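All of these numbers come straight from a predicted model, not from anything done at the bench.
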Amino acid sequence: QVRLVESGGGSVQAGGSLRLSCAASAYTPYKFYLGWFRRGPDNKREGVASMNSDGSSTYADSVKGRFIISRDNAKNTLYLQMSSLKPEDTAMYYCAASTLTWMPASATLLEANYDYWGHGTQVTVSS
């Protein structure tokens, strides 16, 4: 069973930075895709960033140039460095793992392709 636990959320002012972490259980195969999703006030969950085991990453247009996803396979940990935060980034951020070992880049931000989810960490950005 794959277990994912997010941390690092908080409240910041616009323009600030936060680093989210997602600790995966020891049973998370390193070949899994890992991703970050968020659910904002509109209650829609959207893909933010994803990364495969080789380090290839995909970002939503809304966060390109501001967010960086990284993973440490040895530590079973996924990170999301968020900079130049905007009020519209306010959301619950979720870590997810997909059992697919390959999918096209366009599919890596679709929640339907992910099988395991953390409980989320709240990020609030004030103007």
*Quick one: does D72's side chain get under 4.5 Å of Y79's, heavy atoms only?*
yes

*What closest approach, in Å, do A60 and G47 show between heavy atoms, and which atom pair accounts for it?*
CB-O, 3.4 Å

_Student check: side-chain heavy atoms of F32 and T99 closer than 4.5 Å_ = yes

_Please tell me whether I68 and V63 are part of a single hydrophobic cluster in this structure, the criterion being side-chain heavy atoms less than 4.5 Å apart._
yes

*Say you draw a straight line from OG1 of T58 to CD1 of I69; how long is it, rounded to the nearest 0.5 Å?*
8.5 Å

*asked:* Would you say Y93 ends up clustered with V125 if hydrophobic residues are merged whenever their side chains have heavy atoms under 4.5 Å apart, either directly or through other cluster members?
replied: yes

*Do D89 and M82 come within less than 4.5 Å of each other through their side chains, counting heavy atoms only?*
no

*Are D61 and K64 close enough for a salt bridge, meaning some N to O gap below 4.0 Å?*
yes

*How long is the gap from OH on Y59 to OG1 on T108, to the nearest 0.5 Å?*
11.0 Å

*When the ring centroid of F37 is compared with that of W117, is the distance short of 6.0 Å?*
yes

*Please answer whether the main-chain N or O of N113 pairs with a side-chain N or O of S98 as donor and acceptor at a distance below 3.5 Å.*
yes

*For residues A97 and L34, report the shortest heavy-atom separation together with the two atoms involved.*
CB-CD2, 3.6 Å

*Got a second to check how far M92's CE is from N43's CG, nearest 0.5 Å?*
11.0 Å

*Would you say the side-chain atoms of D54 pair up with the backbone N or O of S56, donor to acceptor, closer than 3.5 Å?*
no

*Is there a side-chain contact between T90 and Q122, using heavy atoms and a 4.5 Å cut-off?*
yes

*Do the side chains of L110 and Y116 join up, straight or via other hydrophobic residues, at under 4.5 Å, putting them in one cluster?*
no

*Could you state the interatomic distance from CG (L18) to OG1 (T124), rounded to the nearest 0.5 Å?*
9.5 Å

*Taking a hydrophobic cluster as the set of Ile, Leu, Val, Met, Phe, Trp and Tyr residues connected by side-chain heavy atoms closer than 4.5 Å, whether directly or through intermediates, do V123 and L78 fall within one such cluster?*
yes

_S17 to S84 - nearest heavy-atom pair and separation_ = OG-N, 4.4 Å

*Looking only at heavy atoms, what is the nearest atom pair of M51 and S57, with distance?*
CE-CB, 3.9 Å

*Heavy atoms, side chains only, cut-off 4.5 Å: are E6 and L20 in contact?*
no

*Mind checking the CG-OH spacing from L4 to Y114? Nearest 0.5 Å is all I need.*
11.5 Å

_Any heavy-atom pair between the side chains of E46 and R38 that's under 4.5 Å?_
yes

_Using 0.5 Å steps for rounding, measure from the CD atom of Q81 to the OG atom of S21._
9.5 Å

*Less than 4.5 Å apart, any side-chain heavy atom of F67 and any of S83?*
no

*Which pair of non-hydrogen atoms, one from G118 and one from Y94, has the smallest distance, and what is that distance?*
O-CD2, 3.5 Å

